[in-house]
Amino acid sequence: MMGYRTLLVDDEPLARERLARLLEAHPQFELAAALDSGDAMLEWLQQHSAELVLLDIQMPGRTGLEAAAELTSMAQPPLVVFCTAYDEHALEAFGVDAIDYLLKPIRRDDLSRALGRAEQRLALRQPATELASGLTQEPAADASGTDARSHLSARTHNGLELIPIDDVLYFSADQKYVNAVHEQGQTLIDDSLKQLEEEFGERFVRVHRSALVARDRMTRLEAQTGGGHRLYLRGQEEGISVSRRHLADVRRLMKRL
């Protein structure tokens, strides 16, 4: 299988060398070039193509954020993972469609997680063979709407935590708190269930007055011996209670999955 062409963009030679070594453990991502600035990246992309960029933020000339903003005008821009020593730019980073934000020194596990997410996204893109044969298709509409966030943010004891929407299994409300249960654990967030349902209604379905579930995580619906029903999700062992009010909607949705 041909690998995904990957750029390393950092003005520090040692940082580029370390990322290149870490990337060797992921042969599906081929190192296409190691560059020292956002300007050099944009110039390189005028002549070549890449599927992924591991991009620093603080660099001479255009910052990584400025360079990434210019990538969004491309017909099929490379995915961007920011690799930086500064955490204060995280929210801005997702404003230019970054898929992850890694803090230096980059840990192997964090890079592996980011590359796994990139691989999932890239696998959904139109195959190069179809593009070469002249076949075209309409781009898939964003199920969550053009203004929907790709990440949620929460202030925790560890500082700012960013939760990819793709990683969320479900949201549950307990009095005035909403808990986001995701692949890395669970996090209390400030958004209400109503706000989340309005923003992500095409991706999450209400199964109870206090729970929203990711549609693409739903696996089976089971009637319980003592009455009621529970919905089971991929990546989560315990089922979630489905209220009688929402049972018919959940059943209809399960038939279409």
Side-chain angles (χ1 to χ4, degrees), residues 1-10 16 19-35 38 41-42 44-57 64-65 67-84 90 93-102 106-146 148-151 162-168 182-184 200 202-203 214-217 234-235:
M1 181 188 72
M2 181 178 293
Y4 299 115
R5 291 164 61 83
T6 303
L7 299 182
L8 305 183
V9 184
D10 197 306
R16 294 197 301 272
L19 268 179
R21 289 196 302 271
L22 293 177
L23 200 61
E24 289 176 355
H26 304 273
Q28 68 273 40
F29 290 91
E30 295 181 349
L31 178 57
L35 307 169
M41 177 193 72
L42 294 172
W44 190 93
L45 287 170
Q46 289 178 0
Q47 303 295 328
H48 311 281
S49 63
E51 283 74 48
L52 177 68
V53 179
L54 303 179
L55 182 62
D56 190 18
I57 289 183
L65 288 169
E70 294 202 26
L71 293 180
T72 60
S73 64
M74 294 174 60
Q76 186 160 276
L79 301 180
V80 173
V81 172
F82 281 109
C83 302
T84 177
F94 295 110
V96 292
D97 297 331
I99 64 167
D100 216 327
Y101 190 96
L102 307 183
I106 307 301
R107 299 188 304 176
R108 292 180 184 274
D109 289 347
D110 289 342
L111 181 62
S112 295
R113 183 196 69 235
L115 294 179
R117 185 170 296 129
E119 193 168 13
Q120 290 177 348
R121 296 278 189 93
L122 290 168
L124 297 175
R125 287 189 171 180
Q126 187 177 9
T129 53
E130 290 188 11
L131 290 172
S133 64
L135 297 178
T136 58
Q137 62 184 32
E138 291 297 322
D142 184 350
S144 57
T146 56
R149 291 167 289 173
S150 62
H151 291 67
L162 293 160
I163 309 159
I165 290 296
D166 289 346
D167 290 356
V168 176
H182 48 88
E183 291 181 356
Q184 287 74 45
F200 303 109
E202 294 298 321
R203 300 184 63 169
R215 295 169 184 250
D216 62 358
R217 299 278 184 164
R234 174 172 50 85

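Hydrogens, waters and symmetry mates play no part in the numbers below; they use all other heavy atoms, side chains included.
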Restricting to non-hydrogen atoms, name the atom on Ala67 and the atom on Leu42 that form the minimum distance, rounded to 0.1 Å.
O-CD2, 3.9 Å

Spacing of Leu22 atom CG and Leu111 atom CG [to the nearest 0.5 Å]:
6.0 Å

To the nearest 0.5 Å, what is the distance between CD (Glu119) and CG (Leu79)?
11.5 Å

When you measure from the side chain of Glu51 to the backbone of Arg5, do you find a donor-acceptor pair of N or O atoms at a distance under 3.5 Å?
yes

Among residues at least two apart in sequence or on other chains, which ones pass side-chain hydrogen bond (donor to acceptor under 3.5 Å, both in side chains) with Ser112?
His26

Tell me, please, which residues at least two apart from Arg107 pass salt bridge (Lys or Arg N to Asp or Glu O under 4.0 Å).
Asp110

Closest approach of Leu71 and Pro77, non-hydrogen atoms and distance?
O-CB, 3.1 Å

Taking the side chain as C-beta and beyond, is there a heavy-atom pair between Asp167 and Gln184 under 4.5 Å?
yes

What distance separates Leu54 CG from Leu7 CG, expressed to the nearest 0.5 Å?
8.5 Å

Tell me whether Glu183 is salt-bridged to Arg217, with the criterion being a basic N under 4.0 Å from an acidic carboxylate O.
yes

Hey, does Leu102 have a side-chain heavy atom less than 4.5 Å from the side chain of Val81?
yes

Is there a side-chain contact between Val53 and Phe82 in this structure, where contact means two heavy atoms from C-beta onward sitting under 4.5 Å apart?
no

Roughly how far, to the nearest 0.5 Å, is CH2 of Trp44 from CG of Leu35?
7.5 Å

Qualifying residue for side chain to side chain contact (heavy atoms under 4.5 Å, CB included) with Cys83, from Asp100, Leu55, Leu19, Leu8
Leu19

How many angstroms lie between CG in Asp56 and CE in Met41, if you round to the nearest 0.5 Å?
11.5 Å

Please check: side-chain N/O of Arg234 versus main-chain N/O of Asp216, any donor-acceptor pairing under 3.5 Å?
yes

Can you name the nearest heavy-atom pair linking Glu30 to Gly3, along with the distance?
OE2-N, 3.4 Å

With a 4.5 Å cut-off on side-chain heavy atoms, are Ser150 and Ile165 touching?
no

For the atom pair CD (Gln28) and CG (Leu115), what is the distance rounded to the nearest 0.5 Å?
7.0 Å

Side-chain heavy atoms of Pro78 within contact of Leu45, under 4.5 Å:
yes

Salt bridge or not for Asp166 and Arg203, using N-O below 4.0 Å?
yes

Excluding sequence neighbours, so at least two apart, what forms side-chain hydrogen bond (donor to acceptor under 3.5 Å, both in side chains) with Asp10?
Lys104

Is the shortest heavy-atom distance from the side chain of Leu52 to the side chain of Tyr4 under 4.5 Å?
no

